[in-house]
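One structure is given here, and the rest of the page talks about it.
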Amino acid sequence: MKILIINGPNLNMLGLREPEIYGKQSYSSLCELIDESCRELGVEHEIFQSNHEGVIVDKIQDAYGKFDGIVINPAAYTHTSVAILDALKAVSIPTVEVHISDINSRDEFRKHSYISLAAIKTVMGLGFNGYKIAIEHLYELLK
Ligand code: DQA
């Protein structure tokens, strides 16, 4: 079983970025938690981060035939990107959407997610632990 974890724009700035919302831990500590969660389950994985919408679309297209599941935090593209939604629909790889914060209790514009239309599940508001829950959910579905 192989899972692709995709992180969108500004998530590489975790730790520095709005710590009152996203916490004080860095992006590399998030990657460590993801590595550990996958190791515990014996799941192969790749972590990918990009600040560019088209690069994320390319990565999703390239995942076809290579990955069994996707965990994606599209960050700001959650609320704007029909292109990422269409890429996920095109490859039909089971996808879990993750948000570190609770997007339903923040700005009005964050309440709408295009990505939810292609996701089998959305995990939000659980901090970094949401990634672990998303990976476990995919594992249970795919095993
Ligand atoms: C986010 C929520 C988005 O609204 C925001 O643009 C992000 C991060 C989250 O993980 O809580 O960059 O996806």
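In each ligand, atom 1 is the first atom listed, and ligand 1 is the first ligand listed.
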Taking the six-membered ring for Trp, are Phe109 and His79 parallel (under 30°), tilted (30 to 60°) or perpendicular (over 60°)?
perpendicular
May I have the N/O to N/O pairs between ligand 1 and the protein that fall below 3.5 Å, each with atom names and distance to one decimal?
unit_1, atom_1, unit_2, atom_2, d
ligand 1, 4 (O), His79, NE2, 2.7
ligand 1, 4 (O), Arg110, NH1, 2.9
ligand 1, 6 (O), Ala76, N, 3.2
ligand 1, 6 (O), Arg110, NH1, 3.1
ligand 1, 10 (O), Asn73, ND2, 2.8
ligand 1, 10 (O), Ile100, N, 2.8
ligand 1, 11 (O), Ile100, N, 3.2
ligand 1, 11 (O), Ser101, N, 2.8
ligand 1, 11 (O), Ser101, OG, 2.6
ligand 1, 12 (O), Arg17, NH1, 3.1
ligand 1, 12 (O), Arg17, NH2, 2.8
ligand 1, 13 (O), Asn73, OD1, 2.8
ligand 1, 13 (O), His99, ND1, 2.8

Among Val96, Ile60, Val98, side-chain contact (heavy atoms from CB on, under 4.5 Å) partner for Ile72
Ile60
Got a sec, which pairs hit ring pair (Phe, Tyr, Trp, His ring centres under 6.0 Å) with one end in residues 19-69, sequence neighbours left out?
none
Would you find a donor on one side and an acceptor on the other, under 3.5 Å apart, between the side chain of Gln49 and the backbone of Gly8?
yes
Working note: Asp35 + Arg39, criterion salt bridge (charged side-chain N to carboxylate O under 4.0 Å, His left out); need CA distance, chi angles, decisive distance, verdict.
CA-CA 6 Å; Asp35 289 344; Arg39 203 168 34 241; 5.7 Å; no
More than 12 heavy atoms of other groups within 6.0 Å of Glu108 CD:
no
